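This report concerns only the one structure given below.
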Amino acid sequence: MRRARLLPSCGLALAISLVGIADVAVAQTGSAPPPRIEIRPAGSEAWAEEAAGEQQPGLGSTFFLRITNDGAAAASFTVSGDPGRGAFAVRYLHGGAGDERITGDVVDGTFVLEDLGPGSSRMLRLQVRVARGAPIDVTAAWDVKVAAATDPTSTDSATAAVRTVTKAFGRAAGVTLRVPAEDATITFHESLFGSAAALRPVGTLLRNANPRFDPPPDGPGPGYVVMDSRGRSTHPTSGSDDVVDADEPILAPVSGTVIRVTSYHLYCQWADIRIAIRPDDAPERTVQIFHVISPRVRRGDHVVVSHTVLGRARLFPFRSQTQEYGLDGRHVHLEIERDGSAPLPGCGGTAVP
């Protein structure tokens with residue numbers, strides 16, 4: 001709920017009862033114009049009092065701040081904002097574009113927007129950068145306050161928050177997959193299912209063993225390996241095997257709703273569990289996580305990316321393809337089904353209670 005504006009004084013209320021509307025208009029002429037501040041994260045068009053973002057270590061998030069004069073006359077407004085803290089560095093910029101830095105003035109409360117006309121707005125930006133070594137699943141927030149220069153009690157404020165998440169390692173069909181553990185090695189291979197989307201890897205290519213794969217430019221993500229063909233017609237990066245240690249908890253790779261937790265037999269031979277998630281950002285897709293043990297979520301649960309523990313990774317009694325690349329065999333398999341289906345690579349299919 002938006003914060004209450006400055007209310008009329010008791011004296012002004014008495015004037016209403018004694019002298020009528022005309023005199024009230026005169027009495028209000030000298031009151032401070034009320035400011036309004038709204039915020040939105042980059043990429044969104046929805047203005048609000050609060051905005052939240054998620055970012056991986058080493059990268060930054062940008063928030064736009066819109067300050068409006070809700071009064072009937074031109075006025076000046078002071079802007080003050082919280083500084084950086086811990087693993088989060090902040091920078092304030094003037095305008096919706098450009099590099100006019102105002103961090104020092106905003107942090108010490110001396111930045112002034114001068115002569116803002118009635119009903120008009122100005123734009124500022126708040127940039128938050130996460131340190132490379134920042135821990136995962138930590139949230140910090142920053143309040144930005146605007147006040148009428150002639151009356152510091154006539155104020156409004158907005159809040160930005162950023163939570164740290166694991167690195168993005170692949171994108172497809174409007175879904176971004178994040179590494180499902182704090183420490184994991186990413187590999188890609190051909191999925192068994194034609195419904196699996198071709199993931200565009202995010203990160204640094206360490207090895208490409210599939211001649212059908214044309215790697216994109218390296219980017220700010222983990223190192224990854226594209227494994228040799230399994231003789232399937234699907235895209236070389238339509239499935240991902242993410243290698244982890246035995247005691248590493250498996251984290252949700254997206255935020256969304258669990259639609260299935262299923263026990264089945266992989267290739268009709270080995271007991272396995274699959275978790276299927278309907279992503280918040282793309283509910284027409286399905287994110288599937290295979291080779292889970294000790295699942296900690298049920299159908300209907302809402303999971304938060306890089307926060308909710310799904311379970312742990314399974315180690316099968318056979319040699320996994322990841323071991324051909326000098327990696328451990330313990331892993332979870334991730335893929336995105338474009339059509340929202342949830343196929344199983346084997347026999348059976350019993351809901352896990």
Side-chain angles (χ1 to χ4, degrees), residues 136-137 165-172 175-193 196-197 199 201-203 221-227 230 237-256 258-267 269-279 285-298 301 303-325 327-337 342-346 349 352:
I136 301 303
D137 202 18
V165 290
T166 58
K167 294 179 180 180
F169 75 89
R171 296 190 175 99
V175 179
T176 295
L177 294 180
R178 294 195 175 273
V179 178
E182 289 200 41
D183 187 16
T185 302
I186 306 299
T187 69
F188 292 96
H189 66 81
E190 299 159 348
S191 172
L192 182 64
F193 307 116
L199 291 163
V202 178
Y224 67 92
V225 173
V226 178
M227 298 189 290
R230 296 186 178 185
T237 60
S238 50
S240 177
D241 286 347
D242 303 341
V243 179
V244 298
D245 292 335
D247 59 351
E248 191 76 23
I250 301 303
L251 306 174
V254 293
S255 291
V258 176
I259 60 171
R260 289 181 180 85
V261 180
T262 310
S263 174
Y264 72 103
H265 280 82
L266 178 67
Y267 307 137
Q269 296 186 61
W270 296 280
D272 195 16
I273 292 175
R274 180 275 314 273
I275 296 173
I277 298 171
R278 191 76 74 212
R285 318 296 185 196
T286 305
V287 172
Q288 299 217 87
I289 305 98
F290 297 94
H291 316 333
V292 177
I293 60 174
S294 304
R296 293 177 53 177
V297 294
R298 302 186 207 179
D301 287 350
V303 298
V304 177
V305 62
S306 303
H307 172 80
T308 305
V309 174
L310 303 181
R312 296 189 183 276
R314 186 179 302 278
L315 178 63
F316 289 105
F318 56 84
R319 184 173 177 81
S320 295
Q321 189 180 15
T322 57
Q323 293 174 282
E324 299 174 11
Y325 297 86
L327 304 173
D328 192 14
R330 187 184 303 275
H331 67 275
V332 288
H333 171 97
L334 274 70
E335 65 182 56
I336 301 168
E337 312 304 336
L344 289 170
V352 176

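Counting from 1, the numbers follow the sequence of the chain as shown. Below, each value reflects all heavy atoms present in this structure, side chains not excepted, and no hydrogens, waters or symmetry copies. Because the structure is a prediction, the values reported are computed rather than measured.
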Would you indicate whether the side-chain heavy atoms of [Y] and [X] approach each other to under 4.5 Å?
{"X": "Pro295", "Y": "Leu310", "answer": "no"}
{"X": "Tyr325", "Y": "Val243", "answer": "no"}
{"X": "Glu335", "Y": "Phe193", "answer": "yes"}
{"X": "Leu177", "Y": "Val254", "answer": "yes"}
{"X": "Ile336", "Y": "Leu199", "answer": "yes"}
{"X": "Ile289", "Y": "Arg274", "answer": "no"}
{"X": "Val175", "Y": "Val287", "answer": "yes"}
{"X": "Val309", "Y": "Ile250", "answer": "no"}

Go through the steps to decide whether Arg319 and Glu324 satisfy the test side chain to side chain contact (heavy atoms under 4.5 Å, CB included), and finish with yes or no. CA-CA 9 Å; Arg319 184 173 177 81; Glu324 299 174 11; 4.3 Å; yes
Let's go through His189 and Gln321 carefully: what are the C-alpha distance in whole Å and the side-chain angles of both, what is the deciding distance for side chain to side chain contact (heavy atoms under 4.5 Å, CB included) to 0.1 Å, and is it a yes or a no? CA-CA 9 Å; His189 66 81; Gln321 189 180 15; 4.0 Å; yes
Indicate, with yes or no, if the rings of Tyr224 and Phe169 have centres closer together than 6.0 Å. no
For [X] and [Y], indicate whether the former's side chain and the latter's backbone hold a donor-acceptor pair under 3.5 Å.
{"X": "Arg330", "Y": "Ala313", "value": "yes"}
{"X": "Gln323", "Y": "Ser320", "value": "yes"}
{"X": "Arg312", "Y": "Asp247", "value": "yes"}

Relative to each other, are the rings of Tyr264 and Phe290 parallel, tilted or perpendicular (30° and 60° limits)?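 Rings of Tyr264 and Phe290: perpendicular, as their planes differ by over 60°.
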In terms of ring plane angle, is the pair His291 and Phe316 parallel, tilted or perpendicular, where the classes change at 30° and 60°? perpendicular
Atom pair [atom1] ([X]) and [atom2] ([Y]), whose distance is rounded to the nearest 0.5 Å:
{"X": "Met227", "Y": "Leu327", "atom1": "CE", "atom2": "CG", "value": "8.5 Å"}
{"X": "Arg260", "Y": "Gln288", "atom1": "CZ", "atom2": "CD", "value": "8.5 Å"}
{"X": "Asp272", "Y": "Leu344", "atom1": "CG", "atom2": "CG", "value": "9.0 Å"}
{"X": "Ile275", "Y": "Thr262", "atom1": "CD1", "atom2": "OG1", "value": "9.5 Å"}
{"X": "Leu192", "Y": "Leu266", "atom1": "CG", "atom2": "CG", "value": "9.5 Å"}

Please check if atom CZ in Arg230 has more than 12 non-hydrogen atoms from other residues, nucleotides or ligands closer than 6.0 Å. yes
Asp241/Arg314 salt bridge by N-O under 4.0 Å criterion: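 Looking at Arg314 and Asp241, the cut-off is not met.
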Report the residues that fulfil side-chain hydrogen bond (donor to acceptor under 3.5 Å, both in side chains) with His331, sequence neighbours left out, ordered by chain and then residue number. none
Would you name the heavy atoms of [X] and [Y] that are closest together and state the gap between them?
{"X": "Ala181", "Y": "Pro249", "result": "CB-O, 3.8 Å"}
{"X": "Ser240", "Y": "Thr187", "result": "OG-O, 3.0 Å"}
{"X": "Ala184", "Y": "Val244", "result": "CB-CG1, 3.6 Å"}
{"X": "Pro222", "Y": "Val179", "result": "CG-CG2, 4.0 Å"}
{"X": "Thr237", "Y": "Pro201", "result": "CG2-CG, 4.0 Å"}
{"X": "Ile136", "Y": "Val165", "result": "CD1-O, 3.4 Å"}

Tell me the salt bridge (charged side-chain N to carboxylate O under 4.0 Å, His left out) pairs involving residues 176-191, sequence neighbours left out?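 Only Glu190-Arg212 qualify under salt bridge (charged side-chain N to carboxylate O under 4.0 Å, His left out).
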Quick one about Thr166 and Ser306 (side-chain donor to acceptor, distance below 3.5 Å, no hydrogens or angles considered), yes or no? yes
Evaluate Asp242 against Leu334 for side chain to side chain contact (heavy atoms under 4.5 Å, CB included), listing each step before the verdict. CA-CA 8 Å; Asp242 303 341; Leu334 274 70; 3.8 Å; yes
Intermediate values then yes/no, side chain to side chain contact (heavy atoms under 4.5 Å, CB included), Ile277 and Val303: CA-CA 8 Å; Ile277 298 171; Val303 298; 3.9 Å; yes
